[in-house]
Structures are given as C-alpha cells and as structure tokens.
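Position 1 is the first residue of the sequence, and the numbers go up from there.
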Amino acid sequence: MESVARGGTRWKRFAVVMVPSVAATAAIGVALSQGALAASFSVSGQQFKVTADELKGTGFVQYGALDVGKSGKHPVAVVGLDSATITNLCQSVVVPVPVFGDVTMTLRAGQAGSPKVIAKNLYIDADDLRANATFHKVDIGVSVDQTTKGPGPAANDKYVGDSFAQQAEKVRFTKVKQRAWATSAGTFKLSGLSMKVVKGTDAECYKGD
C-alpha cells in the first residue's frame, strides 16, 4: 500500500487529527546514546527551522505528545524513524540578544558534493510542516502503544495511552520545511557541516512562521 500527501498543516491543538509529518530535523552536534530520547529533557523557549531537499527513512511512526519547558507546554507531532538519510539539510535558530538584537545561527550539511546526512533512531517534535510525502505499507489509526513498524514512542514522552498513531515501513519526503521544538537521535552523521552566526534574521533557512 502506498499513500501520498501534499501540502502543509499547522498543529494548533493536541487533539487535532494528525496528518503525515516530516522527520527531517537535526539538533546539530547531538549524538545521544540509543534510548535517550527527546522527551527526557526540558525544551528551550525557542523553536528552530529546518529545510531539506529530500529525506528517505525506514521504520516510521508518528503520534501526538506534549513537550514541557520553562516556556510552558507545547503540543507536538512526534515523528520517530529507525533510520534516515537527508539531502541538503539546513537548520536555523534565531536568538534574541539583549541590546545587540536578534542573532541567527545557521547550520548546513549534506549539500551537493558531500555525502548525505545519516541519522539512526531519530525522534523529532514539531508543530508546523510543509512537504510532499510518500508512504509505503502505511497504517493510519493504529494505537500508539501497538506500533510495530518504527521505533515506537520515545521513553518518557508525555502522550495519551492508546491514542491515535500512524506507521509505515518506508517514507520519502521532498521539499521539506519544518518548525520544531526538539530533536534527538542515537547517532547523527553530518558530512560537510558548516555553521554561520550573523546578526539579524536574513540567514534563516526559510522566512515566515
């Protein structure tokens, strides 16, 4: 069975009916041991943006959860992947600095001429996405506690037991734009990594919310 989804969605509430989400975010420099997952830490008060030309993944699962930090509680769509390869990855975060103004940190990897980004046991918590998506052997409406095709819910994630989830054996996302609160992975290999820190917001991976 194959399913294709096009367009975008915004997660306004935890109880919203879920649609295919994008697993192409990267917390650059994070290489957590397998099992130390996104919900096991308190999220910061800032979101980051991610773009990618393409993401291919195996073992996909998605479910609703709640990230918690000093900035409050944030409903998210969590995506888990057993493994993923990402082409032309960009991640940016805007940091407001008192007196000085906004500063943007941008990281890029897996660009033309470099090997693709490789992630294992990847979890991302997002509330906004835009992409084209293709799912192979997809199950929609499975219980989050009964998923079998992906890594399953992350340890310590705050979610409603037996709630809505979806899973697939393989996924492919293209033209990815995503806004996320957190990402964690067992391993994250970023070939051709480059970083820039500049004043202002012009260096974001994409403009707008």
Side-chain angles (χ1 to χ4, degrees), residues 6-13 16 19-32 38-39 41-55 65-79 81 84-119 122-133 173-185 187-209:
R6 301 185 183 277
T9 184
R10 293 191 178 186
W11 304 100
K12 294 295 187 183
R13 299 179 183 175
V16 71
V19 300
S21 182
V22 179
T25 72
I28 304 301
V30 174
L32 301 177
F41 56 81
S42 177
V43 298
S44 74
Q46 294 172 277
Q47 294 173 292
F48 54 93
K49 294 179 179 179
V50 176
T51 61
D53 288 347
E54 181 187 62
L55 177 143
L66 200 65
D67 281 358
V68 179
K70 289 185 178 180
S71 59
K73 298 179 180 179
H74 310 288
V76 294
V78 179
V79 170
L81 284 166
T85 59
I86 306 169
T87 303
N88 194 20
L89 174 69
C90 175
Q91 176 189 297
S92 64
V93 59
V94 177
V95 180
V97 179
V99 181
F100 188 76
D102 289 337
V103 173
T104 301
M105 181 177 69
T106 305
L107 301 117
R108 297 180 184 275
Q111 296 175 285
S114 298
K116 296 179 180 180
V117 172
I118 298 174
L122 175 68
Y123 284 87
I124 51 92
D125 299 11
D127 67 358
D128 185 55
L129 67 100
R130 299 154 208 173
N132 299 324
F173 302 102
T174 60
K175 298 181 179 180
V176 176
K177 291 183 178 180
Q178 181 170 298
R179 186 181 65 202
W181 283 102
T183 300
S184 66
T187 59
F188 225 127
K189 183 177 180 181
L190 297 120
S191 299
L193 175 63
S194 65
M195 181 187 74
K196 291 184 178 180
V197 179
V198 298
K199 185 177 181 179
T201 61
D202 290 341
E204 287 188 285
C205 296
Y206 66 91
K207 305 302 292 184
D209 294 332

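- Across Val117 and Ala109, no two heavy atoms sit closer than the pair CG2-CB, 3.8 Å.
- For the side chain to side chain contact (heavy atoms under 4.5 Å, CB included) with Leu55, the qualifying choice from Val50, Leu89, Ile86 is Ile86, the only one to do so.
- Of all the heavy atoms in Trp181 and Ser71, the pair that sits closest is CZ3-OG, 4.4 Å.
- Thr51 OG1 to Lys175 NZ: the interatomic distance, rounded to the nearest 0.5 Å, is 13.5 Å.
- Contact of the Gln178 side chain with the Phe173 side chain is not registered, since no non-hydrogen atoms from C-beta on lie closer than 4.5 Å.
- Nearest heavy atoms, Pro96 versus Gln46: CD-NE2, 3.2 Å.
- Nearest heavy-atom pair, Phe48 versus Val93, reported as atom, atom and distance to 0.1 Å: CB-CB, 4.1 Å.
- With sequence neighbours left out, Lys189 forms a side chain to side chain contact (heavy atoms under 4.5 Å, CB included) with Ile118, Ser191.
- Note that the OG1 atom of Thr174 and the CG atom of Asn132 stand 4.0 Å from one another [nearest 0.5 Å].
- For the pair His74/Asp125, no side-chain contact is recorded, criterion being any heavy-atom separation below 4.5 Å from C-beta on.
- Once rounded to the nearest 0.5 Å, the distance linking CG of Leu129 with CZ of Arg179 reads 10.0 Å.
- Applying the side chain to side chain contact (heavy atoms under 4.5 Å, CB included) criterion to Lys73, with sequence neighbours excluded, gives Leu66, Val68.
- Residue Met105 holds its CE atom at 14.5 Å from NZ of Lys196, rounded to the nearest 0.5 Å.
- Shown here are the side chain to side chain contact (heavy atoms under 4.5 Å, CB included) partners of Glu204, two or more places apart in sequence or in another chain: Lys49, Ser92, Val94, Thr104, Thr201, Lys207.
- In this structure, OG on Ser184 lies 10.0 Å from CD1 on Ile124, to the nearest 0.5 angstrom.
- Between the side chains of Asp127 and Gln47, a donor-acceptor pair is found at a separation under 3.5 Å.
- Judged by distance alone, the side chain of Thr85 and the main-chain N or O of Lys116 form no donor-acceptor pair under 3.5 Å.
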